[in-house]
**Q** 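Mind looking over this structure? Questions follow.
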Amino acid sequence: MSRFDEERRELVQQLRERGITDERVLEAMAKVNRHEFVRQPFQNRAYEDTALPLAAGQTISQPYTVAFMTQEIAPHAGSKILEIGTGSGYQAAVLAELECHVFTIERQMELFLAARKTFTRCGYKIQTRYGDGTIGWSEHAPYDGIMVTAAAPQIPETLLKQLGVGGRLVIPIGDKEVQSVVIVQNTPEGYTRREVAGFKFVPLIGKQGWNK
Ligand code: SAM
């Protein structure tokens, strides 16, 4: 077993102890090589439960946050999931390990190109798009789940419209310092909403996000 394999196993154990209960999510996180998504000189820290810097002033989210958001979106094999904020591509890879059909959008060209290379190198089949994800990806709607991995001032209306019945939208909402992860479910009776406080994401910048 390599050093990274051992560290990844320990990370998954920590996630379990921190309250992640969905065994399928834990299994997926045990499979994805986070060190492939982290640039030097941070690779040695890939299995710490912490966010790490990416290019363009962005971050790869903390593994706990990735596990939490994945658990909340409750994906099944074959679910069609739209992610806004590809970043390194790590979150998308976790969803792909869960056998979801993953569509992901990134607004920073450098990250978009790097993530595409990583997906090819690691063998992930994920649909990528460069642009403003606040307006979604209408061609493939409706989605079983929409996950936004950057913080918005309010829920983008367009994303709600692209959520199928039974689907969940998971999105951090708040100011630029601190946010709550909001989980909206589209039920036949209408939308339900709950939220969990205490997260910090980089801003969602776009037509239906922050303007800078
Ligand atoms: N999910 C990523 C990962 O696994 O590495 C982490 C994403 S990082 C916390 C948030 C990303 O959202 C950044 O890469 C940022 O450029 C991107 N972003 C911000 N606003 C966006 C928008 N309107 N459309 C698409 N991507 C956006």
Side-chain angles (χ1 to χ4, degrees), residues 11 15 25 28-29 31-39 42-43 45-73 75 81-98 100 102-119 122 124 126-138 143 145-159 162 169-174 176-179 181 199-212:
L11 171 65
L15 297 175
V25 172
M29 298 212 33
K31 285 186 193 153
V32 181
N33 289 330
R34 191 169 186 253
H35 62 274
E36 297 279 2
F37 296 83
V38 172
R39 64 185 179 142
F42 302 105
Q43 267 196 341
R45 300 181 55 198
Y47 297 102
E48 290 178 15
D49 190 16
T50 182
L52 293 168
L54 297 174
Q58 304 302 316
T59 52
I60 175 172
S61 303
Q62 182 184 351
Y64 174 77
T65 304
V66 172
F68 175 80
M69 305 254 303
T70 308
Q71 185 167 273
E72 288 299 338
I73 210 146
I81 309 286
L82 174 65
E83 182 200 24
I84 314 301
T86 314
S88 68
Y90 176 70
Q91 170 72 75
V94 170
L95 290 165
E97 287 288 359
L98 285 157
C100 298
V102 187
F103 298 82
T104 182
I105 309 177
E106 173 57 54
R107 70 178 284 276
Q108 296 278 358
M109 179 58 86
E110 189 178 355
L111 295 175
F112 164 76
L113 293 174
R116 285 215 311 190
K117 271 194 190 156
T118 309
F119 293 148
C122 298
Y124 289 110
I126 289 169
Q127 307 291 314
T128 58
R129 181 176 198 170
Y130 168 69
D132 176 8
T134 66
I135 56 170
W137 193 340
S138 59
Y143 297 96
I146 302 180
M147 183 189 291
V148 183
T149 65
Q154 69 272 316
I155 296 175
E157 272 300 314
T158 312
L159 295 185
Q162 294 182 14
L169 168 66
V170 179
I171 179 170
I173 300 287
K176 286 190 179 163
E177 299 311 313
V178 63
Q179 304 96 29
V181 169
F199 290 85
K200 179 162 176 57
F201 286 78
V202 296
L204 181 75
I205 297 173
K207 211 166 169 187
Q208 295 186 33
W210 296 97
N211 54 18
K212 62 179 164 60

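Order of appearance sets the numbers: ligands from 1, and atoms from 1 within every ligand.
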**Q** For atom 16 (O) of ligand 1, what's the nearest protein heavy-atom neighbour? Residue, atom name and distance, please.
**A**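 Checked against all protein heavy atoms, atom 16 (O) of ligand 1 sits closest to Glu106 OE2, 2.6 Å.
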**Q** Find out whether Tyr90 and Asn33 are in side-chain contact, i.e. whether some heavy atom of one side chain is under 4.5 Å from a heavy atom of the other.
**A**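 Tyr90 does not reach Asn33 side chain to side chain.
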**Q** Report yes if some heavy atom in the side chain of Ile171 is under 4.5 Å from a heavy atom in the side chain of Val181; otherwise report no.
**A**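 When only atoms from C-beta onward are counted, Val181 and Ile171 do not touch, as no gap falls below 4.5 Å.
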**Q** Which distance, rounded to the nearest 0.5 Å, do you find between the CD1 of Ile73 and the OH of Tyr143?
**A**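 The distance works out to 12.0 Å.
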**Q** So which heavy atom in the protein is nearest atom 12 (O) of ligand 1, and how far is it from that ligand atom?
**A**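 That would be Gly85 CA, 3.2 Å.
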**Q** Name the option, out of Gly133, Ser88, Ala92, that contains the heavy atom nearest to atom 24 (N) of ligand 1.
**A**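 The residue whose heavy atom sits nearest atom 24 (N) of ligand 1 is Gly133.
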**Q** Heavy-atom distances under 4.0 Å decide this one: backbone, side chain, both or neither, for Val66 against ligand 1?
**A**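 Under 4.0 Å from ligand 1, Val66 contributes no heavy atoms.
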**Q** Can you report which non-hydrogen protein atom sits closest to atom 19 (C) of ligand 1, along with the distance?
**A**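 The closest heavy atom on the protein side is Pro203 O, 3.5 Å.
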**Q** Looking at Lys207, I want to see if its NZ is surrounded by more than 12 non-hydrogen atoms of other residues, nucleotides or ligands under 6.0 Å.
**A**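 Not more than 12 within 6.0 Å, no.
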**Q** Which ligand 1 atoms are under 4.0 Å away from a heavy-atom of Leu111?
**A**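 That gives atoms 14 (O) of ligand 1.
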**Q** Can you name the atoms of ligand 1, numbered from 1 with element, that are less than 4.0 Å from a heavy atom of Gln108?
**A**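 Result: 16 (O).
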**Q** I need the nearest protein heavy-atom contact for atom 21 (C) of ligand 1: residue, atom name and distance, please.
**A**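 For atom 21 (C) of ligand 1, the nearest protein heavy atom comes out as Arg107 CD, 3.3 Å.
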**Q** In terms of ring plane angle, is the pair Tyr124 and Phe119 parallel, tilted or perpendicular, where the classes change at 30° and 60°?
**A**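 The rings of Tyr124 and Phe119 stand perpendicular, inter-plane angle above 60°.
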**Q** Only heavy atoms count here, so choose which of Thr59, Val148, Leu52, Val94 is nearest to atom 6 (C) of ligand 1.
**A**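 It is Thr59 that holds the nearest heavy atom.
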**Q** With heavy atoms only and a cut-off of under 4.0 Å, state how Leu204 meets ligand 1: side chain, backbone, both or neither.
**A**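 It is both parts that get close, each with some atom under 4.0 Å.
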**Q** Quick check against the 3.5 Å criterion: does Arg107 have a side-chain atom that pairs as donor or acceptor with the backbone of Asp132?
**A**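 Between the backbone of Asp132 and the side chain of Arg107 there is no qualifying donor-acceptor contact (under 3.5 Å).
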**Q** Which residue and non-hydrogen atom of the protein lie closest to atom 15 (C) of ligand 1, and at what distance in Å?
**A**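 Ranked first by proximity to atom 15 (C) of ligand 1 is Gln58 OE1, 3.3 Å.
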**Q** Got the closest protein heavy atom to atom 4 (O) of ligand 1, with its distance?
**A**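 Minimum-distance protein heavy atom for atom 4 (O) of ligand 1 reads Gln91 N, 3.0 Å.
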**Q** Looking only at protein heavy atoms, identify the closest one to atom 23 (N) of ligand 1 and say how far it is in Å.
**A**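 In this structure, atom 23 (N) of ligand 1 has Ile205 O, 2.6 Å as its nearest protein heavy atom.
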